[in-house]
Every structure is written in C-alpha cells, then in structure tokens.
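Everything below concerns the one structure shown next.
A note on names: the letters A, B, ... follow the listed sequences, proteins ahead of strands, and every chain is numbered from 1. Values reported hereafter were calculated over all heavy atoms of this structure, with side chains retained and with hydrogens, waters and symmetry mates removed.
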Protein chains: 2
Amino acid sequence: MTTRLSDIADEAGVSVMTVSNVMNGKRARVSPATIERVLGIAARLGYVPNIPARSLAANSSHIVAALVPVGENNSLLVSPHTVAVVGGMETHLRHRGYHVLLRGIEHEDQVAQTVRGWSLDGVVLVEFPDEQIDRLRVDTVPLVAIDSYSANPRTIGVRSDDHGGGRLAGERLADAGHRHVLFAGPPYAGLGVVGQRWAGFREACLAAGLDPRRVEAVEVLTSFEDGRRLGLRLRRDHPDVTAVFATADHLAVGIMAGIAESGGSVPGDVSVIGFDDLDFARYTTPGLTTVAQNMPAKVAEASRIVLEEIEGAAGRGSDAGEGAREPVALDVHLVERGSVGPPRE
Amino acid sequence: MTTRLSDIADEAGVSVMTVSNVMNGKRARVSPATIERVLGIAARLGYVPNIPARSLAANSSHIVAALVPVGENNSLLVSPHTVAVVGGMETHLRHRGYHVLLRGIEHEDQVAQTVRGWSLDGVVLVEFPDEQIDRLRVDTVPLVAIDSYSANPRTIGVRSDDHGGGRLAGERLADAGHRHVLFAGPPYAGLGVVGQRWAGFREACLAAGLDPRRVEAVEVLTSFEDGRRLGLRLRRDHPDVTAVFATADHLAVGIMAGIAESGGSVPGDVSVIGFDDLDFARYTTPGLTTVAQNMPAKVAEASRIVLEEIEGAAGRGSDAGEGAREPVALDVHLVERGSVGPPRE
DNA sequence: ATGAAAGCGCTAACAG
DNA sequence: CTGTTAGCGCTTTCAT
C-alpha cells in the first residue's frame, strides 16, 4: 500500500541506502543518472518518508517543539503574542523541512521529557517565567527562550528591547509635558520583561527632570478587565497623575475604557500609552499610542537561531556548544495614534 | 543514558513485553504485584517512552494534526479563530494522551501525505474552504473539519449555527425598526459559512416584512481595513441603509471606524452588528453588538469527536466507519453592547 | 500471567 | 559511487 524506500530500490535496481541518500540530498555520493532515476520512480510511486522511522533510526526528528506553560487545565495559546510566535515558527521551519509540535507544559520536568521522548531537534520556549528557565537542565538540544532575561547559559534569549521601549514611552510623556505619571504592569520579580520596561521608563522620566516621587507604579494584571478597573478608580486614587504607561495594549485599552466610563476623556484628562501594538490598538477611539514590537522579526530570529544551532551542532557534536550564544534584542518604535496629548489644564 | 523498556525489564526480572503491557495500561494481562514493581522502577529510573519507536511499531502515533491552509509563504494562525481552535485542541488532547502537530498545508495532497508520513491518528482541518474539503481523499483516519459545510462523507463538520446566527442579526435589526439593511461579507460560493449567515439574515429580514430590494449585500474582505473603507463610503454609496450586518467582528469594527471617520455616528446614523464576539468587540466605543460563537464548545466538540472516532475505529478496524457521522452545529447567541439602535430620524 | 521471536522503515558506519 | 550489516525502541503475534 504505502511506498517504502525498498520499493523504490527494487524498481531502480539499487540498494535501499542509495535511495535513502538521494532522498536526503546527500547527492554527492550518488551519480547524477541514478539520482534522476530514483527521483523519477519516487515521484511516480508517490513516496512519502515515514517520519517516525526516520526519527528512530537517526535519533533526531526534524521536530522543533513550541513549549508553552499551562496552569491547570486552561488552554494555552491565549495571548496574541504566543500566537504570532507559534504561527510564525511553523512557517519558517516548514520551509526548512522541520515541523512544529505544540505542547503545553504542566510541570518543568516535562520539558526534558518531551525532548527525549520525541528526539526533538530543538525547542522554543514561549511565555516561560525567567525563574523556570533558570532551573531548566536540558543540554542535548538548542533552547531558544522568547522574552527571556534568564541567565541560564543553555538558553538563548530572543526578546524586544524592553528597556528601550520603556524609555521611549517615558520620553514621549515627558516631552508632552507630563510631570506626574503612572506605570501600570503586572507584579514582577527582578529584571524580566516588566522590570526592564519599568527601568527604562523611570530612567527616561528622571532624565527629563521629573520628581522621582511623581513617577509612580501600580501592579495590575495584564487584562482588559483589570485595566478597566484601574481606569475607573484612576482619578480618585491618583488624582494628580496625568499620564499612564501600561506594559501591554490589553491593559492600556482597558484603562482607556475605564477612564471613559468614569466620565474622563483620553487624552484630554489622562494620556495613555501602551506596549505591543496589537491589532486592536487601532480599533479604539482615540487609537492607542503604543510602543510597537517587531513580532515578525522576533519570530524570524528565534527560528533562525534554532535552525542554526541545530545544524551547527550536527557538525560539532551534540552539545549546545562553545561559548553560550548572546541573547538577541529587537528594536522597538513608537506608534502615534492619539491617546497621548498634553497634560490637562 | 536514556531509560528503555529493557532497562526496566532487566531490573524487574521480567520480559520487555510485560513492561510494555504495564506501561500501556493493558494491565489485565499482568499480575498486580508485577505491575506495582514495574511502575516503581519506571518511576525511579525516570522512564519516558520513545514516541517515534512506538509510532513505528504500532503504526499509530497518538498524534492529531491541526492542518491549516497557507497561501504562499505567509504565516498561518492568523485569525483569532484558528488560535482558539489549535490552543483548545492541545489542551483537550493532552489530557487524553495525544499530541498536536501544527502544520501549514500548501497543497491539498499534503493532507494525505502528512497523514501517512506521520502515521497520524486523526486530523482537524481548520479554515479549509469547502471546495478543498470536497476533494480530499483520506480514508484511514478521522477528519474533523471546523466550520465546514462540505458534503464529503469522510469528513465530520463541526461549526456554529451560522444560519441561526444570521437570523438573530436580522431579527435584531428588524426589531429595532430598520427597513433598509446591508449585509457585508467576503465573496462566497454556495452555502458555506458566509452563505448560511446571509441566508439566515435575509430570511429573518423578509419574515419581518422588509422589502427584498432593501436587503442588500456587498462583498468585502474580512479585515479591519476593508471594513474601514466600506464605512468611509457607506453613506455615499448606500445613503438609505440604516444598519449593517458584518460576518466578522474585524470587519464590523472596521466599518464602525470608517463611519466615525467620515463624520457619522454609531448607532446614531448607522447601526452595526458583528459576528464572533472576539475580545476586542468590547474595546470599541460603543461596544460592538455581535452574534457570539461558543468557541470553547466548538473546540471541545471537535476534540471529542476526533478522539471518539480514533478510539472507536481501533475497535472496528481502521476505516472511518459505518454510517457517516452527522455534522455538529453549536448554538450562538446575541451579545448586546450598544452598536445597534433605532434607525435615524 | 508472561515470554521469545520478528519486524516496523529507516539511517550510521563502514566496506568495497 | 554503491552495497552490506546492524540496530534504533517498541509492539505484534503466537507460544508457553
């Protein structure tokens, strides 16, 4: 029923190995005439390689897993961010002959288990907290960690220039004349993504001469609802604040909604600036001014790096290799849409 | 290095087969004492089954592929819809011991090839046009097609009640007093998703006594930008229309933006109603009134059905089986948010 | 209740 | 340039 290498070999009158070599592009070892004949027969018979067999024999699967942490039994792939990463990875890898396994990780150990069980060739970690990445001990395959600031040397971080993004936001607000601003983001430990954005933001504000006591920060979860609640109580809880920088567009948009709902206007009463530049940032009224991440570039980099490490490793033994690779930080830029204006009165 | 079945067998003083049986839950064939001993050793040694080896030997992989068509080299997973499906599938399947392979399909033939090459146990087709599904010839594994109205008997459709959704929208607008309405959706052939929504919408409008000539339809691509352009020229091109039903929230939100930009107000001048109830439907001002799909239920159904078919098929031979299964249609309901009001003046 | 033999389809390593 | 020999880790089938 299914065509195997041996079927092609029989028909071409050559050995299975020769066919295998042709199929894998190791054509230096085969004569052009044979190549052509084999390829012809393969095409005619509709040969499709058996991936599990190949993985088993070669102890390598041509699979890169996209690993995403899950809490309990809720779905993953929740954030638009994850989506962009996984979708983009599939596209890049497919063109290079690799495949993407999508897997939710319930417990750290499952990372190593998945690598072994599948003979994975590479891993991309998406949305993993830095502390978890720190603890990871997988040294047989390249591990690319999106948005990670972990110091784990087995891991290659690919992220946006979060510090620079925070700075852009701070400069923009200070330039507009704001003297009392608020940073809104989820609770964080250390200098991860959120910490970087806060540091950059604060730095820019202080550099512009703002009073440190007037560069406040509040902890809010990254959701529209939490943003909305913050927006609703904003003018009561922070009466002097004239501008808010939210670490995520979801949050920023929620804040805008809350402000509007409580009778305030954006940017008339309060200016709002976001981070990400998600699709819906332009759907609001006014549009959301936000720090744009270059997601396609981020994904392309992550994909490029895993592939490079995979193919490089093949040449120099299976270890992740000589001299931990430098993390990559991608540029960000400000997109003006109208949610930032001069301070009120 | 890696623990194999034979390592456990050696240590337990039993055969590999016994260990295999224990691991696969075929415990009826093994004595309780042995089971416990084997399990203990496996846990201590950190045994992780080798998936490729299992797939090769059993000719079945415990993998369900999420297949998504791609045009040229652009990314897949673009729509929030696809995202919800793929993410939800992963969650449901993981809990049942299955895995999700995400794959973009460039050409129809790749569906069958992927099934064979990976020894897939099942397939979920996402965003495939009905004509392509019609042509699919894969009879070894269950094929669940999301949002399909294809008559292909090898395929099981899981979709929302699109006709009913269209009807809800039509009734809502007619009830509000609108007498001249517009349906906006992508070009479609036959009675696919869009065709159903249009049919339901039209039916409801006519039932409410609207003049058939005043139930118009325009073709627009499903994007914010195309919606915006339609919104901008709406009052010029369709001066008498007082309400628009868009087949997708993206489109609806774009239309609202276009109307606002051209100086009109929603719902003051024109009412707008969408379909999907995506997150951002509540981010706009006013919020978008829309027909909500029950995505979690849709995904749960799709997952349940593939699994049921997979495990059912094991018992009755490999064929997709007796009596093509009925398609499933999930309920929809209307979410009021403020973009629908009475007709102007 | 348990085991022995055979083989899934492919590739690594070496021989010619 | 091409072929031979092994064997990846597991499951199937059939015996015991």
If only side-chain N and O atoms of [X] are considered, is one of them under 4.0 Å from the OP1 or OP2 phosphate oxygen of [N]?
X       : N      : answer
A/Ser20 : C/dT11 : yes
B/Ser15 : C/dT2  : no
B/Thr34 : C/dT2  : yes
B/Tyr47 : D/dC10 : yes

Any idea which heavy atoms bring [X] and [Y] closest together, and the distance?
X        : Y        : answer
A/Val138 : A/Arg154 : O-CD, 3.6 Å
A/Ser61  : A/Leu120 : OG-CA, 3.6 Å
B/Ala145 : B/Ser148 : CB-CB, 3.5 Å

Problem - Upstream residue (5' side of DNA chain C) when B/Thr18 and A/Pro49 are each assigned their closest nucleotide - result: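 The residue whose closest nucleotide sits nearer the 5' end is B/Thr18.
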
Problem - Given DNA chain C, 5'-ward residue of the pair A/Pro52 and B/Val16, judged by closest heavy atom - result: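 Counting from the 5' end, the first nearest nucleotide belongs to B/Val16.
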
Nearest-Å distance for atom pair [atom1]/[atom2], residues [X] and [N]:
X        : N      : atom1 : atom2 : result
B/Ile51  : C/dC10 : CD1   : P     : 20 Å
A/Met17  : C/dA12 : CE    : C1'   : 7 Å
B/Asn59  : D/dG9  : CG    : C1'   : 16 Å
A/Trp118 : D/dG9  : CH2   : P     : 17 Å
B/Asn50  : D/dG7  : CG    : C1'   : 13 Å
B/Leu56  : D/dC8  : CG    : P     : 13 Å
A/Asn21  : D/dT2  : CG    : P     : 10 Å

Handout entry: DNA chain D contacts made by residues 4-11 of chain A, counting heavy atoms under 4.0 Å
Key =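 When residues 4-11 of chain A is checked for heavy atoms under 4.0 Å from DNA chain D, there are no hits whatsoever.
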
Practice task
Please check if the side chain of A/Gln110 supplies one atom and the backbone of A/Glu106 the other of a donor-acceptor pair under 3.5 Å.
Solution key: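 Yes, because the side chain of A/Gln110 sits within donor-acceptor range (under 3.5 Å) of the backbone of A/Glu106.
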
Problem - Closest listed nucleotide, where the reference is the side chain of B/Ala57 and the choices are C/dG3, C/dG9, C/dC8 - result: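 The closest nucleotide is C/dC8.
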
Could you give the side-chain donor-acceptor pairs of residues 39-51 of chain B under 3.5 Å, partners two or more places apart or in another chain?
unit_1, atom_1, unit_2, atom_2, d
B/Arg44, NH1, B/Glu11, OE2, 3.2
B/Arg44, NH2, B/Glu11, OE2, 2.7
B/Asn50, OD1, B/Ala53, N, 3.0

Practice task
Starting at CD1 of A/Ile35, measure out to OG1 of A/Thr18 and round the result to the nearest 0.5 Å.
Solution key: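 Interatomic distance, A/Ile35 CD1 to A/Thr18 OG1, rounded to 0.5 Å: 10.5 Å.
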
Handout entry: Step-by-step salt bridge (Lys or Arg N to Asp or Glu O under 4.0 Å) determination, A/Glu301 to A/Lys298
Key = CA-CA 5 Å; A/Glu301 267 306 288; A/Lys298 194 148 121 185; over 6 Å; no

